[in-house]
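Note: hydrogens, waters and symmetry copies are ignored here, and every other heavy atom, side chains too, is used.
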Amino acid sequence: MFTEQGPTVRELAVQALSSIERGYDLLAPKFDHTPYRTPDRVLDAVTDEVRRLGPFDTGLDVCCGTGAGVGVLRRLCRERVVGVDFSAGMLAEARAAFPPEGGAPAGQGPAAEAPGAEAPAGERPAAEGQAAEGPAVDWVRADARSLPFAPAFDLALSFGAFGHFLPAERFGLFAEVHGSLRPGGQFVFPIGAPPPVGSRAYWTLLGFDAAMRVRNALWRPQFVMYYRTFRLGDVLEDLTRAGFAVRLTPLTELGRRPDGSPRARLVVATRE
């Protein structure tokens with residue numbers, strides 16, 4: 001599960017007893033050496049499926065962490081990509097993983113000062129040689145529950161972050177993403193099929209969530225991270241309430257379950 005470069009048991013314990021923001025600041029330097037990073041095969045499957053929905057000029061990675069989703073967006077978008085997260089430590093790792101190809105450090109040019117709040121993302125002049133180098137990349141520190149963007153993006157995505165939001169916060173999160181997309185813009189993310197009742201994965205996730213609820217009842221600050229609260233039916237309802245038209249498409253590259261159903265689907269929510 002964890003490599004030798006990953007966090008120690010003590011480091012994980014300290015992180016687990018911290019707030020979400022502080023915990024990820026601590027974990028950030030070793031995050032990509034943990035099983036919490038989205039696997040490359042999932043990133044590739046999503047990239048292949050979303051490419052069929054394009055083309056896209058501008059993309060937003062919501063709760064970008066160390067930038068795995070930004071890597072996907074750089075393969076899909078032509079002009080500009082923005083990663084947003086509220087952990088300064090995770091953003092620092094993301095900047096290091098995607099060094100700027102021009103002069104100013106990533107996220108410190110003019111666009112970082114006004115990340116879509118006053119001007120649509122696609123209107124920033126491309127840097128010299130941009131077509132050959134790929135889209136410009138910017139990083140913004142912000143809470144996803146209060147995104148600082150005008151309707152500027154053609155595509156938004158997110159990987160592995162939804163467990164950090166309580167069910168009561170989910171509609172507000174989706175509404176923030178909706179408000180950051182241009183009309184016709186699409187919000188996409190993978191969602192896995194629930195493990196069979198009684199399977200090892202089922203009991204593992206059930207036990208994790210139970211332990212987290214006990215931890216949050218006894219310790220402050222809370223660390224919100226639950227695996228079993230992001231149920232497909234509830235998610236589709238909240239997306240619809242937020243103003244999206246929603247459809248599902250199977251991620252066949254990730255395989256099928258014994259009953260023939262896909263192991264994972266791509267949620268495609270379009271701002272009408």
Side-chain contact, heavy-atom cut-off 4.5 Å: Pro135 with Arg78?
no
Just by modelled atom types, is the Phe86 backbone N or O under 3.5 Å from a matching donor or acceptor in the Arg141 side chain?
yes
Short question: side chain of Arg271, backbone of Leu181 - any donor-acceptor pair under 3.5 Å?
yes
For Leu173 and Val62 the tightest heavy-atom approach is CD1-CG1, 4.5 Å
Heavy atoms, side chains only, cut-off 4.5 Å: are Val50 and Leu155 in contact?
yes
Would you say the side-chain atoms of Ser146 pair up with the backbone N or O of Ala142, donor to acceptor, closer than 3.5 Å?
no
Residue pair Ser180 / Phe149: nearest heavy atoms and the distance that separates them
OG-CB, 3.8 Å
Is there a side-chain contact (heavy atoms from CB on, under 4.5 Å) between Leu248 and Leu266 once you walk through the steps?
CA-CA 6 Å; Leu248 301 173; Leu266 184 73; over 6 Å; no
Run the salt bridge (Lys or Arg N to Asp or Glu O under 4.0 Å) test on Asp57 and Arg80 for me, step by step, so that the C-alpha distance in whole Å, both residues' side-chain angles and the decisive distance to 0.1 Å come before the verdict.
CA-CA 7 Å; Asp57 289 331; Arg80 184 188 178 204; over 6 Å; no
In the hydrophobic clustering (ILVMFWY, side-chain contacts below 4.5 Å, transitive), which residues join Leu206, or is it alone?
Val197, Tyr202, Trp203
List the steps and the verdict of side-chain contact (heavy atoms from CB on, under 4.5 Å) for Phe153 and Val82.
CA-CA 9 Å; Phe153 298 95; Val82 175; 3.9 Å; yes
State the CG-CG distance between Leu76 and Leu157, to the nearest 0.5 angstrom.
7.5 Å
Are the side chains of Asp138 and Val81 in touch, meaning some heavy atoms are under 4.5 Å apart?
no
4.5 Å side-chain heavy-atom contact, Trp139 and Cys64
yes
Side chains of Leu166 and Thr229: closer than 4.5 Å at any heavy-atom pair?
no
I'd like to know if Asp61 pairs up with Arg74 as an ion pair, taking the criterion as any Lys NZ or Arg NE/NH1/NH2 lying under 4.0 Å from an Asp or Glu carboxylate oxygen.
no
Pair Asp44-Arg41, side-chain contact (heavy atoms from CB on, under 4.5 Å): steps then yes or no
CA-CA 5 Å; Asp44 291 341; Arg41 64 189 183 90; 5.6 Å; no
What is the distance from atom CZ of Arg215 to atom CE of Met212, rounded to the nearest 0.5 Å?
6.5 Å
Under 3.5 Å, is there a donor-acceptor pair linking the side chains of Asp259 and Ser261?
yes
Suppose we screen for salt bridge (Lys or Arg N to Asp or Glu O under 4.0 Å). Which residues come up paired with Glu237, at least two apart in sequence or across chains?
none
Would Asp154 and Arg182 satisfy salt bridge (Lys or Arg N to Asp or Glu O under 4.0 Å), going step by step from the backbone distance to the final call?
CA-CA 6 Å; Asp154 302 318; Arg182 294 171 174 152; 3.0 Å; yes
Under 3.5 Å donor-acceptor, Thr66 side chain and Leu91 backbone
no
In terms of heavy-atom contacts, Leu251 and Glu49 come closest through CD2-CB, 3.9 Å
Take Leu147 and Val177 through the test side-chain contact (heavy atoms from CB on, under 4.5 Å) and record every step on the way to the result.
CA-CA 7 Å; Leu147 292 173; Val177 177; 4.3 Å; yes
Geometric cation-pi criterion Arg241 and Phe171, 6.0 Å radius, 45° cone
yes
Mind listing the closest non-hydrogen atom pair of Tyr226 and Arg213 along with its distance?
CE2-CG, 3.5 Å
Got a second to check how far Phe159's CZ is from Thr38's OG1, nearest 0.5 Å?
6.5 Å
To the nearest 0.5 Å, how far apart are CZ in Phe223 and CG in Asn216?
9.0 Å
Please tell me if the side chains of Arg220 and Gln222 come closer than 4.5 Å, counting only heavy atoms from C-beta onward.
yes
Parallel, tilted or perpendicular: which describes the rings of Phe187 and Phe244, with under 30° parallel and over 60° perpendicular?
tilted
Okay, side chain of Asp238, backbone of Arg170: is any donor-acceptor separation there less than 3.5 Å?
no
Considering all heavy atoms, the nearest Thr47-Val72 contact
OG1-CG1, 3.3 Å
Nearest heavy-atom approach of Phe174 to Val235 is CE1-O, 3.8 Å
Does Phe189 have its ring centroid less than 6.0 Å away from the ring centroid of Phe162?
yes
Does NZ or CZ of Arg145 come closer than 6.0 Å to the centre of the six-membered ring of Phe165, within 45° of the ring's axis?
no
Hey, does Val140 have a side-chain heavy atom less than 4.5 Å from the side chain of Pro148?
yes
Check: Arg228 main-chain N/O paired with Asp209 side-chain donor or acceptor under 3.5 Å
yes
Using only atom types and a distance under 3.5 Å, with no angle test, would you say the side chain of Ser199 pairs donor to acceptor with the backbone of Pro195?
no
Test your reading of the model: is there a side-chain donor-acceptor pair from Arg247 to the backbone of Val268, 3.5 Å cut-off?
no
Are Arg265 and Thr249 close enough that some pair of their side-chain heavy atoms sits under 4.5 Å apart?
no
